[in-house]
Engineer: 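Quick one: this structure, given as structure tokens, is what I'll be asking you about.
For clarity, every value in this text was computed on a predicted model and none was experimentally measured.
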Amino acid sequence: MVEKFRRQQLFLPPHAAPLFPRDPLLTRLRRYFGISQEELARYLGVSGPQLSRLETGQRGFAADVAEPLDALLQLLPATAPPADAAPGPDDLAAPDPVPLEARLDYCRHHARRLRRVLRPLEDQAVCAARWRAALPVLRAGLPPDPDDEPPPVSAGAVPVGRWAAFLVWYRWRWLEERPTALPPDQAARYHLLRLQAEALETEADALARLLAEPS
């Protein structure tokens with residue numbers, strides 16, 4: 001693969017154009033194996049600056065460099081692997097359980113805490129749903145709403161003979177104040193807390209499965 005570079009090392013004068021075209025194989029090689037220029041240079045027995053000149057085409061390959069390099073290049077796949085390829089089970093050693101267990105405890109603890117904070121909001125939402133179902137029935141059982149009339153009393157005690165009318169007016173107003181859904185700010189808080197709790201619970205489940213795998 002590097003036969004065209006098997007020649008004596010050649011240095012170019014400063015500012016000279018590259019004698020050899022830039023070889024992307026060296027860049028591909030380093031990325032494929034996850035090594036730096038310095039690491040590849042040590043394996044080939046050249047300095048970092050020398051390898052940089054080789055990679056930019058400003059210097060040719062000597063035989064003693066081309067041979068070990070060729071062995072590496074032969075291992076490159078014909079097509080580049082996908083950049084987002086996940087490692088396989090054989091690519092990872094058995095994980096240290098200590099940090100995983102610590103994270104599992106953290107996720108479970110904070111998920112429980114968030115669920116406790118969520119409980120009052122869930123109770124409010126359940127009650128609001130009950131009121132939403134009950135209001136039509138309760139309103140249907142009341143006399144007509146005297147909404148277009150002024151309140152029977154403005155202050156103080158209810159005048160004699162007006163108590164029944166006052167109760168009708170008051171009950172309609174009281175039912176209007178019943179919540180039928182969580183208000184927008186509380187609904188947003190509920191969803192934020194719920195999503196955080198679900199994320200921690202999902203992570204805890206994944207960690208528990210990972211820790212349960214045989215090492």
Side-chain angles (χ1 to χ4, degrees), residues 1-115 191-215:
M1 187 176 290
V2 294
E3 188 64 33
K4 62 180 178 178
F5 297 117
R6 296 180 187 275
R7 62 191 69 185
Q8 293 298 319
Q9 295 177 352
L10 177 66
F11 290 91
L12 297 180
H15 310 299
L19 180 61
F20 304 102
R22 180 180 177 87
D23 184 14
L25 286 176
L26 290 182
T27 302
R28 283 181 51 200
L29 175 69
R30 293 194 297 102
R31 290 177 179 172
Y32 182 75
F33 286 109
I35 56 178
S36 64
Q37 278 189 339
E38 291 75 12
E39 290 173 315
L40 181 58
R42 287 200 302 269
Y43 177 75
L44 298 177
V46 298
S47 68
Q50 285 175 326
L51 182 63
S52 179
R53 288 193 290 271
L54 294 173
E55 195 165 339
T56 56
Q58 295 180 351
R59 183 173 183 172
F61 290 83
D64 60 342
V65 173
E67 290 175 2
L69 179 61
D70 190 53
L72 287 171
L73 291 173
Q74 295 296 335
L75 300 174
L76 281 177
T79 58
D84 57 350
D90 296 332
D91 302 330
L92 302 171
D96 179 0
V98 174
L100 299 181
E101 291 169 348
R103 179 64 186 179
L104 176 59
D105 289 342
Y106 174 90
C107 291
R108 285 175 171 172
H109 171 74
H110 285 277
R112 289 192 296 266
R113 181 182 63 81
L114 289 170
R115 289 298 180 186
H191 286 298
L192 290 173
L193 293 171
R194 176 184 60 82
L195 291 172
Q196 293 176 47
E198 290 176 355
L200 288 169
E201 290 163 350
T202 300
E203 184 179 354
D205 290 342
L207 287 167
R209 290 193 301 270
L210 180 59
L211 288 166
E213 293 178 358
S215 55

Engineer: CZ of Arg30 to CG of Leu72: how many Å apart, nearest 0.5 Å?
Structural biologist: 12.5 Å

Engineer: Which salt bridge (charged side-chain N to carboxylate O under 4.0 Å, His left out) pairs, counting each pair once, include a residue from residues 200-212, with sequence neighbours left out?
Structural biologist: Arg103-Glu203, Arg115-Glu201

Engineer: Kindly state each residue pair satisfying ring-ring contact (aromatic ring centres under 6.0 Å, His included) with at least one member in residues 81-109, sequence neighbours excluded.
Structural biologist: Tyr106-His110

Engineer: Can you tell me how far CG of Leu73 sits from CG of Leu26, rounded to the nearest 0.5 angstrom?
Structural biologist: 6.5 Å

Engineer: Looking at residues at least two apart in the chain, or sitting in another chain, which of them share a salt bridge (charged side-chain N to carboxylate O under 4.0 Å, His left out) with Arg108?
Structural biologist: none

Engineer: Among all residues two or more places apart in sequence or in another chain, which pass the side-chain contact (heavy atoms from CB on, under 4.5 Å) test with Leu100?
Structural biologist: Pro95, Leu207, Leu210, Leu211

Engineer: What residues form a salt bridge (charged side-chain N to carboxylate O under 4.0 Å, His left out) with Arg31, not counting sequence neighbours?
Structural biologist: none

Engineer: Short question: side chain of Glu198, backbone of Leu195 - any donor-acceptor pair under 3.5 Å?
Structural biologist: no

Engineer: Would you check if Leu51 and Val65 make a side-chain contact, meaning some heavy-atom pair closer than 4.5 Å?
Structural biologist: no

Engineer: Taking only residues two or more places apart in sequence, or in another chain, which ones meet Arg112 in a salt bridge (charged side-chain N to carboxylate O under 4.0 Å, His left out)?
Structural biologist: none

Engineer: Is the closest side-chain heavy-atom distance between Phe33 and Leu75 below 4.5 Å?
Structural biologist: yes

Engineer: Between atom CG of Asp96 and atom CD of Glu101, what is the distance when rounded to the nearest 0.5 Å?
Structural biologist: 8.5 Å

Engineer: Provide the closest heavy-atom pair for Ala197 versus Ala111 in the form atom of the first, atom of the second, distance.
Structural biologist: O-CB, 4.2 Å

